[in-house]
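Before any comments, here is the structure.
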Amino acid sequence: MALELDPNWPGLSDKDESEDPYINRTEVKRIAGELSGLLDKFTASSGILQDEFVTAPGDTPPEVQLPAGAGSLPDLQQYCALSENQMGKWPAAVQFSFAANWAYEQLVGQQGSKSGKYAVLLEQADKTFDALVDIKNASQRAEQASEEAAARTET
């Protein structure tokens with residue numbers, strides 16, 4: 001399925017010179033701020049303390065309330081890696097440990113690493129935030145330059 005542009009979207013036509021591109025800088029700034037706030041939640045540790053619960057068969061572990069931001073990259077890198085000791089040393093567990101650790105390295109990456117897919121996704125989100133700020137600033141500079149040029153031609 002290919003992406004299709006809405007023909008009625010303002011600013012898409014190069015043929016209609018009466019149509020000035022317009023950027024609502026206030027809205028772009030708001031969206032960039034929201035994106036930055038969300039990105040902070042994914043890149044900062046939530047402060048979760050590592051807890052381990054041992055329960056008897058049939059018992060349920062205590063309910064844990066995770067803080068806001070749980071699931072951030074630092075949290076996943078710190079608490080979600082599993083070792084061979086945690087999975088066991090019999091042949092099936094060793095093979096599963098190998099597969100689980102390979103998947104973990106691909107998706108999350110080792111602690112402090114930016115090589116996992118999750119880290120790459122967060123990096124791209126950060127670049128998107130920067131691009132929104134650049135769009136807002138470029139629009140503002142272009143508008144100011146246009147107003148200055150118009151003022152010079154009037155005098």
Side-chain angles (χ1 to χ4, degrees), residues 1-53 60-84 86-87 96-155:
M1 179 173 134
L3 293 175
E4 293 182 23
L5 298 176
D6 182 350
N8 298 323
W9 191 269
L12 281 184
S13 172
D14 288 336
K15 297 175 185 165
D16 184 4
E17 293 179 9
S18 67
E19 193 177 281
D20 287 334
Y22 171 74
I23 294 177
N24 183 338
R25 288 189 292 272
T26 305
E27 187 67 7
V28 170
K29 186 177 178 181
R30 183 192 66 76
I31 291 169
E34 283 184 18
L35 180 58
S36 177
L38 287 172
L39 191 59
D40 288 344
K41 291 179 182 178
F42 287 108
T43 56
S45 178
S46 64
I48 297 173
L49 297 175
Q50 187 174 5
D51 292 318
E52 292 185 25
F53 299 101
T60 56
E63 197 169 308
V64 177
Q65 289 293 92
L66 296 177
S72 68
L73 182 60
D75 287 347
L76 292 174
Q77 288 179 337
Q78 186 171 1
Y79 299 119
C80 293
L82 297 173
S83 70
E84 186 179 286
Q86 292 166 310
M87 292 193 210
F96 179 74
S97 173
F98 176 76
N101 283 322
W102 182 85
Y104 174 82
E105 293 242 355
Q106 297 299 308
L107 296 173
V108 177
Q110 292 301 321
Q111 192 165 357
S113 165
K114 301 229 184 244
S115 63
K117 303 290 185 210
Y118 191 24
V120 171
L121 175 68
L122 294 177
E123 185 179 335
Q124 293 303 315
D126 189 40
K127 287 180 181 180
T128 301
F129 164 72
D130 292 342
L132 284 173
V133 172
D134 288 346
I135 287 170
K136 178 191 80 68
N137 292 339
S139 169
Q140 191 166 8
R141 286 192 304 271
E143 189 174 303
Q144 288 171 349
S146 179
E147 289 171 0
E148 289 170 5
R152 281 194 301 264
T153 58
E154 288 176 4
T155 59

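For reference, positions follow the sequence shown, starting with 1.
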Distance check, rounded to the nearest 0.5 Å: [X] atom [atom1] versus [Y] atom [atom2]?
X    : Y    : atom1 : atom2 : result
S115 : L107 : OG    : CG    : 11.0 Å
Q140 : R25  : CD    : CZ    : 5.0 Å
N101 : M87  : CG    : CE    : 5.0 Å
I135 : K29  : CD1   : NZ    : 15.5 Å

For a 4.5 angstrom cut-off between non-hydrogen side-chain atoms, does [X] reach [Y]?
X    : Y    : value
R152 : E148 : yes
F129 : E34  : no
L76  : V108 : yes

- prompt: Looking only at atom types and distance, does a side-chain atom of S146 sit under 3.5 Å from a main-chain N or O of A142, one as donor and one as acceptor?
  reply: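 Flag not set: sc S146 to bb A142 has no pair under 3.5 Å.
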task: May I ask you to decide if A44's main-chain N or O and S72's side chain share a donor-acceptor pair within less than 3.5 Å?
output: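 Confirmed, S72 side chain pairs with A44 backbone.
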Test side chain to side chain contact (heavy atoms under 4.5 Å, CB included) applied to S36 and L39, D40, L38, the passing residue: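 Single pass found, and it is D40.
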field: Identified side chain to side chain contact (heavy atoms under 4.5 Å, CB included) partner of L73 from the options L122, T43, L121
entry: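 With L73 as partner, L122, T43, L121 yield a single side chain to side chain contact (heavy atoms under 4.5 Å, CB included), made by L122.
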field: Heavy-atom pair of closest approach, residues P74 and S45
entry: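 That closest heavy-atom pairing would be CG-N, 3.9 Å.
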task: Just do the side-chain contact (heavy atoms from CB on, under 4.5 Å) check on Y104 and Q77 with the steps written out, would you?
output: CA-CA 9 Å; Y104 174 82; Q77 288 179 337; 4.1 Å; yes
message: Distance alone, cut at 3.5 Å: any donor-acceptor contact between the side chains of E105 and Q110?
response: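 Side chains of E105 and Q110: pair found under 3.5 Å.
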